[in-house]
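Next up is a structure, given as structure tokens.
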Amino acid sequence: MTLPPVAFVGLGAIGAPMAAHLAEGGRLTVWNRTRVVAERFAARHQAMVAATPRDAAAAGELVLTCLPTSREVEAVLDGPDGLLAGFRRGALLIDCTSGDPASSRRIAARLAERGVGFVDAPVSGGTNGAEAGTLAVMVGGEAGAFDRARPVLERFGRRIEHVGPVGAGHALKSVNNALLAVNILAAGEGLAALVKAGVPAATALEVVNASSGRSFVTETLIPERVLTGAWPVTFRLALLAKDVGIARGVLRERGVEGPLLDQAGELLDRARATLGEAADYLEPIRLIERQAGVEIRG
Ligand code: NDP
């Protein structure tokens, strides 16, 4: 099926491979803050480059954003060159940022005044999943808006779920990533102690992965990235720390105490301050290794 005209804003680590699938599906216009990134993408995937977010919105019936946080999404909406200045009535904004629910509700209300629809549609599955077109997409919004977004989301997603009203996708995504963060920290701490106790890291992981403590972190991330010493940068620690912060906000908003997530959030914020904005999300394990005086290698 050919897609209606689509625009994509934010060609970062995950946005670019997502947008590449849309280029295969029909007419695609892209905008990126650093223009050369958009130009390189357009040359490779036969897309058009918009000079401003406003031009991108004017070119697309469906407009996707994939930016670090909801703050940047709100920033590209405003101003004479912002998305709001370019949207046609009846357009739909599909926000694939891992954003925060309160901002999404605010954005949806502003767009509704201009006859523009909104869904929050954050993704999970990493850059590999984006390249393979196998992402999970969790969508918040009205049923009609979800139906319109679905054919676009199917281009890069395998599991596409309508999970509730506007903001529900972002809430679910933040809780998912909070679970990921807890698993990373707990696995790092436990493995450091086991290696010091004389258990080889690879053996420890094999046994955990045949037992009840296994997770995506122990089955895939640590074997592929930590044991090998590869430490690729695919998802910035700063973004995971942001997600845990959003999850803590969701708990607070709903009156749920979250001492475990509070602790995980504080540990990630501290790791981010030590390791910097470019560090990968698994690198807190390096800090655990450093403190323990041990390396977790296979
Ligand atoms: P990156 O940091 O790789 O890319 C961020 C993108 O946002 C770039 O295109 C950047 O443009 C743009 N940007 C940053 N600040 C601004 C701004 N002020 N105004 C306009 N554009 C801006 O992030 P990712 O692609 O990794 O992540 C994007 C979203 O997807 C995040 O919410 C993240 O949590 C989520 N996500 C990421 C995953 C991953 O594996 N990487 C997995 C699942 C979700 P420029 O080129 O100019 O820097």
Side-chain angles (χ1 to χ4, degrees), residues 7-20 30-42 47 49-57 63-79 81-84 94-101 103-104 107 120-139 153 156-159 169-181 184 216-217 220-221 224-225 232-247 268 272 276-283:
F8 200 101
V9 169
L11 300 168
I14 198 146
M18 288 161 66
V30 294
W31 181 82
N32 194 72
R33 179 181 63 172
T34 305
R35 189 182 167 103
V36 67
V37 173
E39 281 166 356
R40 271 194 225 119
F41 178 94
V49 178
T52 61
R54 182 189 61 199
D55 292 348
V63 179
L64 290 89
T65 39
C66 190
L67 297 171
T69 73
S70 294
R71 252 194 323 279
E72 286 80 24
V73 178
E74 293 195 291
V76 297
L77 281 177
D78 287 317
D81 287 332
L83 291 173
L84 276 177
I94 302 170
D95 183 20
C96 295
T97 306
S98 298
D100 74 86
S103 303
S104 300
I107 292 168
D120 44 308
V123 302
S124 183
T127 51
N128 287 342
E131 274 155 30
T134 57
L135 292 172
V137 192
M138 30 211 119
V139 185
L153 301 174
F156 51 71
R158 185 152 62 193
R159 170 140 201 168
H170 282 156
L172 175 49
K173 168 70 191 183
S174 72
V175 170
N176 177 76
N177 277 24
L179 295 174
L180 172 66
I184 290 170
F216 177 61
V217 173
T220 303
L221 292 178
E224 289 181 1
R225 302 178 182 208
V233 179
T234 62
F235 175 44
R236 291 187 299 117
L237 169 61
L239 295 175
L240 182 62
K242 170 262 305 178
D243 292 334
V244 177
I246 294 169
L268 287 194
R272 177 181 178 178
E277 291 301 292
D280 186 67
Y281 70 126
L282 286 182
E283 289 188 54

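Whatever order the structure lists them in is the order used to number ligands and atoms, beginning at 1.
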Is a side-chain donor or acceptor of Arg236 paired with a backbone partner of Glu277 at a separation under 3.5 angstrom? yes

Using a distance-only test with no angle check, is there a side-chain donor-acceptor pair under 3.5 angstrom linking Arg225 and Thr234? yes

If we only consider heavy atoms of Cys66, is any one of them less than 4.0 Å away from an atom in ligand 1? yes

Heavy atoms only: which of Asp243, Leu239, Thr127 lies closest to atom 27 (O) of ligand 1? Leu239

Starting from atom 35 (C) of ligand 1, locate the nearest protein heavy atom and write down its residue, its atom name and how far away it is, to 0.1 Å. Ser98 OG, 3.5 Å

Any donor-acceptor pair under 3.5 Å from His170 side chain to Ala121 backbone: no

Quick one: which ligand 1 atoms are inside 4.0 Å of a heavy atom on Lys173? 43 (C), 44 (C)

Can you tell me which residue and heavy atom of the protein come closest to atom 4 (O) of ligand 1, and the distance to 0.1 Å? Gly12 CA, 3.3 Å

Can you figure out which of Arg33, Glu277, Lys242 has its heavy atom closest to atom 34 (O) of ligand 1? Lys242

Which residue supplies the protein heavy atom nearest to atom 18 (N) of ligand 1, what is that atom called, and how far is it? Glu72 CG, 3.5 Å

Around atom 41 (N) of ligand 1, find the nearest protein heavy atom and jot down its residue, atom name and distance. Thr234 O, 2.9 Å

Non-hydrogen atom of Ser124 closer than 4.0 Å to ligand 1: no

A student comparing Asn177, Val37, Thr34 should find that the heavy atom closest to atom 47 (O) of ligand 1 comes from Thr34

Are any of the N/O atoms in Thr69 less than 3.5 Å from those in ligand 1? no

Short question: side chain of Asn32, backbone of Leu11 - any donor-acceptor pair under 3.5 Å? yes

Quick check: does Val76 get an N/O under 3.5 Å from an N/O on ligand 1? no

Check: Lys173 side chain, Val123 main-chain N or O, donor-acceptor pair, under 3.5 Å: yes

Can you check whether Asp280's main-chain N or O pairs, donor with acceptor, with Glu283's side chain at less than 3.5 Å? yes

Can you report which non-hydrogen protein atom sits closest to atom 30 (O) of ligand 1, along with the distance? Ile14 CG2, 3.5 Å

Mark up the atoms of ligand 1 that fall under 4.0 Å of a heavy atom belonging to Arg236, in ascending order. 2 (O)

If we ignore angles and hydrogens, is there a donor and acceptor under 3.5 Å between the side chains of Asp95 and Thr65? yes

How far is atom 7 (O) of ligand 1 from its nearest protein heavy atom, and which residue and atom name does that atom have? Pro68 CD, 3.2 Å

Short side-chain to backbone donor-acceptor contact, Lys242 and Pro68, under 3.5 Å: yes

Contact atoms of ligand 1, heavy-atom distance to Gly10 under 4.0 Å: 9 (O)

N/O donor-acceptor pair under 3.5 Å between Ser174 side chain and Ala171 backbone: yes

Top protein contact for atom 1 (P) of ligand 1, by heavy-atom distance: Ala13 N, 4.0 Å

In terms of residue, atom name and distance, what is the protein heavy atom nearest to atom 46 (O) of ligand 1? Asn32 ND2, 2.8 Å

Winner among Leu67, Leu180, Val123, Val233 once heavy atoms are compared against atom 29 (C) of ligand 1: Leu67

Do Leu268 and Tyr281 pass the side-chain contact (heavy atoms from CB on, under 4.5 Å) test, and can you show the C-alpha distance, the side-chain angles, and the key distance before you say yes or no? CA-CA 9 Å; Leu268 287 194; Tyr281 70 126; over 6 Å; no

Please answer whether the main-chain N or O of Pro122 pairs with a side-chain N or O of Ser98 as donor and acceptor at a distance below 3.5 Å. no

Between Thr97 and Thr69 (side chain of the first, backbone of the second, donor and acceptor by atom type, cut-off under 3.5 Å), is there such a pair? no

